[in-house]
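Report on the structure given below.
What you see is a predicted model; the values in this text were computed from it and never measured.
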Amino acid sequence: MTPSYIDPAHENLESAIEQVILNGERIIFQRQGRPLAALITVEELEILQELENLEDQHDIKVAEQSQEEPGIILWDDIKAKFGC
């Protein structure tokens, strides 16, 4: 779906919100031709939040696996060795 671009200073925000709610449109607010923010459905927001959660879980898993690799020195070990 192609988003609609509007300038919030010159457009009716209530109308933009209705477009999102009723039609599932994506609205991108822009000023002087530069995108500033987006208005999306709650469903799309939930999808984005779930993707962020999955990315965080992946990052944690990679970090935990890297700690198990030989040659890795933990920060806590370095601090203890140098009295930090």
Side-chain angles (χ1 to χ4, degrees):
M1 172 181 291
T2 303
S4 299
Y5 291 83
I6 67 170
D7 183 334
H10 299 101
E11 301 286 339
N12 183 339
L13 295 182
E14 186 174 335
S15 173
I17 292 169
E18 288 296 319
Q19 287 177 278
V20 172
I21 293 170
L22 297 177
N23 303 326
E25 289 187 41
R26 298 175 186 142
I27 305 291
I28 297 179
F29 298 108
Q30 63 182 13
R31 183 173 295 136
Q32 299 175 345
R34 292 181 31 220
L36 302 172
L39 185 60
I40 60 173
T41 63
V42 171
E43 291 81 11
E44 286 184 297
L45 175 63
E46 290 170 347
I47 291 169
L48 289 172
Q49 290 172 328
E50 182 60 27
L51 286 173
E52 286 178 347
N53 290 339
L54 290 171
E55 184 178 30
D56 290 345
Q57 291 172 9
H58 173 74
D59 291 346
I60 290 168
K61 182 178 178 181
V62 168
E64 288 172 345
Q65 289 174 344
S66 70
Q67 289 180 349
E68 297 170 1
E69 294 179 12
I72 299 295
I73 302 171
L74 299 177
W75 178 243
D76 289 336
D77 295 341
I78 293 171
K79 289 190 306 186
K81 180 176 181 178
F82 294 101
C84 298

Derivation and outcome, side-chain contact (heavy atoms from CB on, under 4.5 Å), residues Lys61 and Gln57: CA-CA 6 Å; Lys61 182 178 178 181; Gln57 291 172 9; over 6 Å; no
Passing candidate, side-chain contact (heavy atoms from CB on, under 4.5 Å) with Ile27, options Ile17, Leu39, Leu13: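 Per the side-chain contact (heavy atoms from CB on, under 4.5 Å) rule, the option paired with Ile27 is Leu39, out of Ile17, Leu39, Leu13.
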Nearest 0.5 Å, what's the [atom1]-[atom2] distance between [X] and [Y]?
{"X": "Leu51", "Y": "Asp56", "atom1": "CG", "atom2": "CG", "answer": "11.0 Å"}
{"X": "Arg34", "Y": "Ile28", "atom1": "CZ", "atom2": "CD1", "answer": "14.0 Å"}
{"X": "Lys81", "Y": "Asp77", "atom1": "NZ", "atom2": "CG", "answer": "10.0 Å"}

Cluster check Val20, Phe29: I/L/V/M/F/W/Y, side chain < 4.5 angstrom: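 Hydrophobic grouping puts Val20 with Phe29.
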Distance-only donor-acceptor hits, side chain of residues 41-49, under 3.5 Å, sequence neighbours excluded:
from	atom 1	to	atom 2	distance (Å)
Thr41	OG1	Glu44	N	3.2
Glu44	OE2	Arg26	NE	2.6
Glu44	OE2	Arg26	NH2	2.6

Nearest non-hydrogen partners of Glu25 and Ser4, listed with the distance: OE1-OG, 3.2 Å
